[in-house]
Amino acid sequence: MAITRLEIDLSALKHNYTYMRSKVAPNVRMMAVVKAFAYGSDAQVVAKELEKLNVDYFAVAYVAEGVALRDAGITTPILVLHPQPDNFETLLERCLEPNIYSKRMLEMFSAFAKAKKQTAYPIHLKFNTGLNRLGFTADDVPWIVEQVLKSEHLKVKSLFSHLAASEDLDERDFTLHQIAQFDEIANEIKTQLGYAPFMHMTNTSGIINYPSAHYDCVRTGIGLYGYGNTPEETANLKPVARLKSVISQKHIINSGDSVGYNRALIAKEQMVTATIPIGHADGISRAYGNGVGYVTIAGEKAPFVGNVCMDMIMVNVTNITCEEGDDVEIFGTHTGANALAQKVQSISYELLTMVGQRVKRVVLRE
Ligand SMILES: *Cc1c(COP(=O)(O)O)cnc(C)c1O
């Protein structure tokens, strides 16, 4: 298909899911993180496939993302990592389960569940053990328990926390401290509540690096999409998303001529460029311009020429045998999203999630 498209390879997704699953004990639940359109791919398609593979739970960032999964017919439980009181109504209507991370949230959700005459509505309590982003602290425990125990409207389904540097083994001591703190908090809550919500703490690199912190459930995002946070991890995985395009036009640029906006490139000698219909509006940052990034054409690296435009890039194909209409890979099999992102001091997560919504998603089934 000769247009700009993001191929979504479901056999790669299955491979990655099976690989991540193999890293945890059979009784440990798998929570698939499908926020941000399943890391820029297609959350509905990805979630449906994972549901077929018997994933135990989904996590999304926002309520609207959970709604999209329910609209697609997903019946697996969905944890909303970052709900807002303004969306409690929708959350409840669509049977989404909120992360409750602060006193304000617990008070507001508790009052809401009561007003809606709910019984034992599932909530998930998040604890801050060092990331300092969202979460209760250890000092909040007695207050939380009091609130929960006096309310028949809520039931704590899980306790969780998030690691700040699971991919960085230089921060091992810090991470082990986070784990110890979470242990302590969770044990205290379980004792005081008189029941045992399930516990989860690790993301993809936490799953790989800290098996002692798998608890009852793990949360995997980037691993499912084919990337680890080290080359060794990534080698075991397959990229799910492949961003591809096509050569619209070739140009012969004579010495002294310029290419693109601001005449950012002035040719020092004759060269050949290819114009490709993808630009910064599609998630290709301007930072890749002027030779920083490259695409793959006929198996060869073609560096960016001049500035990235909104809807187009130009690349250098002087030494590449190619024709108008030929296929171009921006990232995927030849160049991983992590390798390309590194060129601009970014990470696979950012490049993947920036792929714009006007790029057609093409699902490749087994
Ligand atoms: C996004 C997110 C994850 C997934 O992390 P990966 O590194 O992609 O596996 C897990 N937990 C929380 C709380 C998150 O926000």
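All heavy atoms count here, side chains included; hydrogens, waters and symmetry mates do not. Just follow the structure's listing: the first ligand is 1, and inside any ligand the first atom is 1.
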How would you list, by chain and number, the residues with a heavy atom under 4.0 angstrom from ligand 1? Val33, Lys35, Tyr39, Leu81, Lys126, Arg133, His162, Asn203, Thr204, Arg219, Thr220, Gly221, Ile222, Tyr349
Looking at Tyr215 versus Tyr210, is the centre-to-centre ring distance below 6.0 Å? no
Sidechain N-carboxylate O distance under 4.0 Å for Lys157, Glu97: yes
Kindly say whether Leu81 contributes a backbone atom to a donor-acceptor pair with the side chain of Asn99 at under 3.5 angstrom? yes
Has Glu329 got a side-chain atom pairing as donor or acceptor with Val295's backbone, closer than 3.5 angstrom? no
Output yes when Arg29 and Asp216 qualify as a salt bridge under the 4.0 Å nitrogen-oxygen rule, no when they do not. no
Test the Lys126-Tyr101 pair against the cation-pi criterion, namely NZ or CZ under 6.0 angstrom from the six-membered ring centroid and within 45° of the ring axis. no
